[in-house]
Amino acid sequence: MKEYDHNKIEKKWQKFWDTKKTYQTENKSKKKKFYVLDMFPYPSGSGLHVGHPRGYIGSDIYARIKRMQGFNVLHPMGYDAFGLPAEQYAIEHNVHPRKAVEKNVKTFRSQLDKIGFSFDWSRQVNTTDPEYYKWTQWIFLQIYNSYYDAEKNKARPISELIKKLEKTDRNFKKLSEIEKEKILMNYRLAYEGYSEVNWCPKLGTVLANDEIVDDKDGNPVSERGGYPVEKKSMRQWFMRITAYADRLASDLDGLNWPQHIKEIQKNWIGISHGSEIEFKTNIDRNIKVFTTRADTLFGVTYVVLSPEHTNIGEFLVQSQNMAEASKYIREAKERLNKGDMNREKGLPAGEAGKTGIELKGIKAINPANGEEVPVWIGDYVLASYGTGAVMAVPAHDERDFEFAKKYNLPTKQVIEPIFIKKNGSDGVKPNLELIERNAVVCVVEHWSEKKFLCLAWKKNDWKGFVVGGIENGENLISAGEREIKEETGYQNLEYIKKLEYKIHSQFYHEVKKQNRFAHFDVLYFKLKDSEQKELAEEEKLLHDLVWVDKEKVDAFVSTDEDMQFIWRVFIKSQAYLSDGILSHSNQFDGLTSEEARKKITEFVGGKLVTKYKMRDAIFARQRYWGEPIPLIHKKDGTVVAVPEKKLPLVLPNVTSYEPIGTGESPLAGVKAWVKGGYETNTMPGWAGSSWYFLRYMDPKNKKSFADKKNIKYWKDVDLYVGGQEHATGHLLYSRFWHKFLYDSGYVPTSEPFKTLKNQGLIMANDGRKMSKRWGNVVNPDDIVKIYGADTLRIYEMFMGPFEETVAWNTDSIIGPRRFIEKVWRIGEKVMAKPKNNFGRYAFGGIQQGSSQNHSLVSLQKLLHKTIKKVTEDIEAMRFNTAVSAMMILASEMEKSENINIEDYKKFLQILAPFAPHVTEELWFSLGEKKSINISGWPKWNEKLIKDEEIKIAVQINGKVRAEIEIPADMLEADVLDLAEKNENVKKWTEGKIIIKKIYVKGRLVNIVLS
RNA sequence: GCCCAGAUGGCGGAAUUGGUAGACGCGAUGGACUCAAAAUCCAUUGAUGGCAACAUCAUGAGAGUUCGAUUCUCUCUCUGGGCACCA
């Protein structure tokens, strides 16, 4: 047989598949569909490195097994080619960005082709193709012409809203077009507004975050030229993604996605349930605040407005220190801008500490108790979240606490902590009654040193301060003194202070065998001298007295939450942030936080509301290389859509791709464009990628983005593979658009991607990311040339779990290469003998007895076990262990004298998704006439998988001491008997008493000795 | 600071309804084949002690639950990712 020349073989079959259209998806098929999708790449100038194909290989293997299992598989590929790098290239070389894209696409295609993917290239899409972006523009217009109907909880055409407004609002009809449009703009799902951009005056352009660097003083400057960058408010288009926030969050539950991606999206959306509460003021202007802690309303000691609060001017003009306050606002805004810029670049926002200024003379009135509190402006309050104002409760909010400490504002405790022990020896026992007790905790300081008196209990390992019950009618301080004297013997105490609130604790009292609900008062004493009386014997047995250094007390009492809390409150005066029990809150005293939130909100006429961290998405770039937004600004100030018939609105040619100096896109420099009133912003990068998976279903359709029948057949993506860096971008935007299309009746599912898998990164040898910058890039072309595509594919799957980051190691590739050569050699062996010698070994016909036949049987058993394992592993995307199983099978086959040719073919079939070229070559060499890649998937025989004889371990006290061989179905009593009789076991059990014997079926026996 | 994930030989990694830790691969050492080399094959390869049989220790650290813990619980350390004044 021929030598294994991977270059020749791989080229040959790639050509074969191409001409025979082996991987072309069937158009009208009665087969079940299966849609396997990769995140399409941005074709960058530097091409692929070996990290890029990892995800593609995984999804390709998945697509291949599905194809072999008889599904009609859609496995397409395309290019997401709008964006900055191509534009940059255009500016530098003064060529049309399309040229750069064409060139890069060519490189990508040739690199991908070498790896032997089973893409159906006839369905390729490219976001920069006018025939494609025609439909991106079309979808944009549908979004623009829709609003979110809160009652129906879905998007509806804006025409419905107009009708509604005409019915309900008499004035609406009388309004001018401009005025009507203004109102509608507040409802449209795509709307015009203002937002801040990074503006570089010197370059006369808006910069993306990654075009900005820090200069040596930490100020933001342009990467090109090093010119200062500032924030500038500019007209932008937005998408009202926040309308979908609830659905985007709650629908995550039904998705088969990696947990952490769901977590990231959930955090990003950031739902908080809280209350909006109005504070009246002494100047006839209310301040509305948002809080999640309405239960702390009685603890409000001041109110804070954001420097960027929309109505700040109204308060400013009536304050007594207007000049000073406006100066503060100006400076604060500047700082915030800089902070924002840092945040966008992923740097710390620069928490130099909170600053603020009081608006003198202005008072807010607490609606809960009528108390007047001061009004402040503070830079720690965000204008863009909630209402832009907060009620400050320093006792129960860390930020307010910090601010109050800095500006000497009062603190008022209204939530008493409650600790419920759940685990451990003092965890509350579920079926036992709770007994309420009033009690006292005493913190006792040493008479001369910086030490505190602690107790370490002997019965359990409880550590804390002096604790005791209060007897009926007893004075609090004397109760404390009595306890200290009884438990420690110290006599001369000086009372210092008392914690102004109680601490509640539920726990199990081991000595008294009771569930306790204790209400602690906390007292602070100092010893006057060292006088100490001898303790009663029973007290001595209970606990040790320990003097603990002040610095070490926190650690000493750390095993007990409430003791540690007491210490921290007294010594570090920390805010209590958790829920608890209300106090100093009039009629609400004694309620839990949760109950109180609703009741207090109701009481003050507030509203329960939901807020989101997520903001509406900016849908505009001030750049050339993107989809034109199909809107026309008319002279009268209204905006109209480009008629559907005129789509695509084609990107015009420009003479220069340079920014034009006003911050607008180069399109603003095209006379005809501006004259026509066309929008000069272009769409952001995420537009084209938010729906491309739908276009693959029907990529050449001229009448719609995809035909209804095709959409109905393909429905949604069954498996989506890509990097986790798109968690809050592409994956969120796609879900948003898809939900919109679902609401509008264009797609049958409300979620586009049923199952999502994230391939892990491939790091370079040096542990860094592969990048031109580090010079550590490995090009797959080189690997394919030296080792072959099949080897590369197997290596990338074998190197570690698919979803985890692993380091590339070119030395290790030799393993998978040897494996393929082994498979090749086995093929040679199989083919060396006349076929007739093999046919008769079909199973069922094997005679027991001879060692040769015996090895055939065990090989066949192994084959069927391997088929099972590989099938299940691919389904679960555990490619590394699938490869490992096939390596074991190959080694056994090579050792074996006789190999059943049909068995060998089955092996080739399960290997084919991983190594399509070499298996195809061998498959045809064995006389097959049709591609192995559509040959069907072998099934395993359950009977052959079961072993009759199994080896199990025998443990003595949990340690393996012997191994015995037993029939798989042997009864427990017999197994235990056999185990005990084993020589090695006897050695250990001799003269010992066996107290327990355990048999875990098919696994092990454990003999427990006393 | 908060949230999430993770930590296993020289290296990549395997093993979970709690049941023989280190599969498979790389590397290393020794051997067979060869004039020689490459390739291939065979053997050994967690650590310590021992001629050996074998024993002890070992899954980031410490505790706990259990006949038995890489797997479950708690605390801590480190690494990666996300968020970052979101009230």
Side-chain angles (χ1 to χ4, degrees), chain A residues 258-268 270-272 274 289-293 296 304 306 336 339 343 346-349 351 353-354 378-382 384-387 389-393 396-400 402-403 422-425 461 558-559 611-615 724-725 727-728 760-761 794-795 798-801 803-816 818-819 821-822 825 878 880-888 891 894-895 951-963 984 987 995-1009:
Chain A
Q259 201 47 50
H260 73 280
I261 299 282
K262 293 200 211 177
E263 205 74 42
I264 290 171
Q265 288 208 351
K266 213 164 238 174
N267 286 342
W268 182 263
I271 297 180
S272 342
V289 301
F290 172 70
T291 179
T292 54
R293 292 297 302 272
T296 63
V304 202
S306 163
L336 288 171
R343 198 171 311 133
L347 297 167
E351 285 180 63
K354 301 168 176 44
D379 60 358
Y380 75 103
V381 178
L382 297 177
S384 52
Y385 183 78
T387 60
V390 302
M391 56 180 231
V393 188
H396 303 293
D397 183 281
E398 231 174 356
R399 296 150 300 183
D400 298 338
E402 211 181 296
F403 190 79
K422 285 186 181 135
N423 308 307
S425 57
D461 46 9
S558 66
T559 48
K611 299 278 177 193
Y612 310 96
K613 275 204 266 188
M614 182 171 67
R615 308 288 144 85
Q724 71 149 13
E725 66 273 18
T728 53
L761 285 176
I794 290 176
Y795 174 62
F798 181 62
M799 61 197 300
E803 299 188 71
E804 268 161 47
T805 299
V806 279
W808 179 265
N809 183 357
T810 304
D811 291 340
S812 292
I813 299 177
I814 193 70
R818 282 177 190 152
F819 165 62
E821 284 171 8
K822 194 177 281 185
R825 283 198 305 274
R878 289 186 302 249
N880 52 335
T881 48
V883 172
S884 150
M886 289 189 286
M887 283 173 167
I888 294 168
S891 295
E894 193 175 38
K895 277 182 213 158
K951 275 183 191 165
I952 63 164
V954 183
Q955 298 182 332
I956 313 285
N957 286 341
K959 284 193 174 166
V960 181
R961 298 298 183 189
E963 203 173 60
N984 288 342
K987 228 165 53 186
I995 55 173
K996 205 172 181 182
K997 288 184 277 189
I998 297 152
Y999 174 51
V1000 184
K1001 197 169 188 306
R1003 294 283 185 169
L1004 55 67
V1005 170
N1006 191 10
I1007 297 172
V1008 186
L1009 305 177

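No hydrogens, no waters, no symmetry mates; every other heavy atom, side chains included, goes into these values. Chain identifiers are assigned alphabetically (A, B, ...) following the order of the sequence lines, protein sequences preceding nucleic acid strands; residue numbering begins at 1 within each chain.
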Dump every N/O contact between nucleotides 5-13 of chain B and the protein below 3.5 Å, one line per pair.
from	atom 1	to	atom 2	distance (Å)
G12(B)	O2'	Met799(A)	O	2.4

Nucleotides 44-50 of chain B: which of its N/O atoms have a protein N/O under 3.5 Å away?
none

Test side-chain contact (heavy atoms from CB on, under 4.5 Å) applied to Ile261(A) and Gln724(A), step by step: CA-CA 7 Å; Ile261(A) 299 282; Gln724(A) 71 149 13; 3.6 Å; yes
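Positionally, the nearest nucleotide of RNA chain B for Lys822(A) lies more toward the 5' end than for the other of Gln724(A) and Lys822(A).
In this structure Arg961(A) satisfies the side chain to side chain donor-acceptor pair (under 3.5 Å) test with no other residue, sequence neighbours excluded. For Ser272(A), the side chain to side chain donor-acceptor pair (under 3.5 Å) criterion is met by Tyr385(A), not counting sequence neighbours. When the salt bridge (charged side-chain N to carboxylate O under 4.0 Å, His left out) test is applied to Glu725(A), no partner is found at least two apart in sequence or on another chain. Applying the salt bridge (charged side-chain N to carboxylate O under 4.0 Å, His left out) test to Glu263(A) and every residue at least two apart in sequence or in another chain returns nothing. Looking at residues two or more places apart in sequence or on another chain, you find a side-chain contact (heavy atoms from CB on, under 4.5 Å) between Glu894(A) and Lys822(A), Arg825(A), Ile826(A). Annotation: side chain to side chain donor-acceptor pair (under 3.5 Å) contacts of Arg1003(A) (sequence neighbours excluded): none. Residues passing the side-chain contact (heavy atoms from CB on, under 4.5 Å) test with Ile264(A), sequence neighbours excluded: His260(A), Ala727(A), Thr728(A). In this structure, the side chain to side chain donor-acceptor pair (under 3.5 Å) partners of Thr810(A), at least two apart in sequence or on a different chain, are Trp808(A).
Evaluation of atom-type donor-acceptor distances gives a pair under 3.5 Å for the side chain of Lys354(A) against the base of C85(B).
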Could you spell out the base pairing of RNA chain B as a dot-bracket line? Use Watson-Crick and G-U wobble contacts where both distances are under 3.5 Å, [ ] for crossing pairs, | for partners on a different strand. (((((((..(((......[....)))((((((.......))))))((((....))))..(((((..]....))))))))))))....
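Separating the C1' atom of U44(B) from that of G80(B) is a span of 36 Å, rounded to the nearest Å. Rounded to a whole angstrom, the distance from the P atom of U70(B) to that of A7(B) is 14 Å.
The line from CZ of Phe290(A) to NZ of Lys611(A) is 6.5 Å long, rounded to the nearest 0.5 Å.
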Scan nucleotides 16-22 of chain B nucleotide by nucleotide, 5' to 3', and note B when protein non-hydrogen atoms come under 4.0 Å of the base, S if they reach only the sugar-phosphate, - if neither. ---BB--
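Atom C1' of nucleotide C41(B) and atom NZ of Lys895(A) are separated by 11 Å, given to the nearest angstrom.
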